[in-house]
Visitor: 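One structure is given below, represented as structure tokens, and several questions about it will come after.
Order of appearance sets the numbers: ligands from 1, and atoms from 1 within every ligand.
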Amino acid sequence: HKIAVLISGGGSNLQSIIDNIETGYLKCSIEAVISDREGAYGIERAKAFGIKTYVLDRKLYGEKLSDEIYKILKDKVDLIVLAGFLSILKGALLREFKNRIINIHPSLIPSFCGKGMYGMKVHEKAIEYGVKFSGCTVHFVDDDTDTGPIILQRVVPVYSFDTPKSLQERVLREEHRALPDAIRYIIKGAVTVKGRNVIINDMQP
Ligand code: GRF
């Protein structure tokens with residue numbers, strides 16, 4: 001199985017995928033890491049692992065970003081993983097990779113998601129609202145933001161003394177397990193989509 005990982009920042013989720021490939025938990029190869037902005041530390045993580053990297057500055061590419069990514073990845077990978085990727089994808093890329101692009105979001109969708117809801121903002125809103133649990137969601141990417149069929153979710157408690165930072169750290173620890181798990185199920189062919197429902201046949205050896 002060949003995958004590409006798209007990033008915009010630190011790449012701790014990318015690092016988790018790399019680590020899980022190294023341990024053999026994930027039987028796949030990362031053919032490319034693409035960042036939509038300069039200076040993303042995740043690019044350094046990819047280079048350290050010998051992965052081909054591309055920096056497509058979203059300010060330069062604008063509306064052409066998705067087509068450029070499609071040009072790079074078409075016929076090259078089976079699965080595209082958005083790991084802290086902040087641009088909205090559209091056009092041929094979404095059509096040709098239907099149900100083959102996944103994203104991880106740091107909340108229990110449909111709470112605290114959608115346009116502008118990313119990074120620390122998500123945790124600020126969760127604490128402000130006073131939820132007792134939050135978590136992360138891995139979902140297929142469709143033509144809207146954080147709305148595609150949900151593959152898996154992991155839950156974490158929210159404590160009264162939590163700050164957005166302490167909550168982010170707790171959620172990120174779960175993300176670093178949830179994303180590799182979702183990729184592993186997909187690689188094993190254990191995931192089927194029926195409308196909005198994703199069925200995981202995790203009885204396979
Ligand atoms: C984090 O907020 C994570 O929840 C979300 O993107 C942000 C950056 O993650 N998926 P990473 O460290 O760049 O993987």
Visitor: Could you tell me, atom by atom, which parts of ligand 1 come under 4.0 Å of a heavy atom of Ile104?
Guide: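 Counting from 1, the qualifying ligand atoms are 10 (N).
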Visitor: Is Asn13 close to ligand 1, meaning an N/O of one under 3.5 Å from an N/O of the other?
Guide: yes
Visitor: A quick test of your reading: do over 12 heavy atoms of other residues, nucleotides or ligands sit less than 6.0 Å from OH of Tyr25?
Guide: yes
Visitor: Measure the CD1-CD1 distance between Ile7 and Ile34 for me, rounded to the nearest 0.5 Å.
Guide: 10.0 Å
Visitor: For Val138 and Asn103, run side-chain contact (heavy atoms from CB on, under 4.5 Å): C-alpha distance rounded to whole Å, both residues' side-chain angles, the deciding distance at 0.1 Å, then the answer.
Guide: CA-CA 6 Å; Val138 185; Asn103 179 50; over 6 Å; no
Visitor: Have a look at Ser8, Gly119, Gly11 and point out the one with the heavy atom closest to atom 13 (O) of ligand 1.
Guide: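 The residue whose heavy atom sits nearest atom 13 (O) of ligand 1 is Gly11.
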Visitor: If you count the atoms of ligand 1 from 1 in the order shown, which ones are under 4.0 Å from a heavy atom of Pro106?
Guide: 4 (O)
Visitor: Please identify which atoms of ligand 1 are closer than 4.0 Å to at least one heavy atom of Gly84.
Guide: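 This gives 6 (O), 10 (N) as the contact atoms.
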Visitor: Which is it for Glu63 and Lys90 under the salt bridge (charged side-chain N to carboxylate O under 4.0 Å, His left out) test, yes or no, and what are the steps along the way?
Guide: CA-CA 9 Å; Glu63 294 305 299; Lys90 60 192 175 80; 3.0 Å; yes
Visitor: Considering non-hydrogen atoms of the protein only, which is the closest contact for atom 12 (O) of ligand 1, and what is the distance?
Guide: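 That would be Ser12 OG, 2.6 Å.
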Visitor: Where do Asp146 and Lys115 land on the salt bridge (charged side-chain N to carboxylate O under 4.0 Å, His left out) test, with the steps shown first?
Guide: CA-CA 8 Å; Asp146 300 329; Lys115 291 216 182 344; over 6 Å; no
Visitor: Just let me know how Glu175 lines up against ligand 1, side chain, backbone, both or neither, with a heavy-atom cut-off below 4.0 Å.
Guide: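 It is the side chain that gets close, since no backbone atom is under 4.0 Å.
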Visitor: One pair to check against side-chain contact (heavy atoms from CB on, under 4.5 Å): Ile69 and Leu65. What are the steps and the verdict?
Guide: CA-CA 6 Å; Ile69 294 170; Leu65 183 64; 4.0 Å; yes
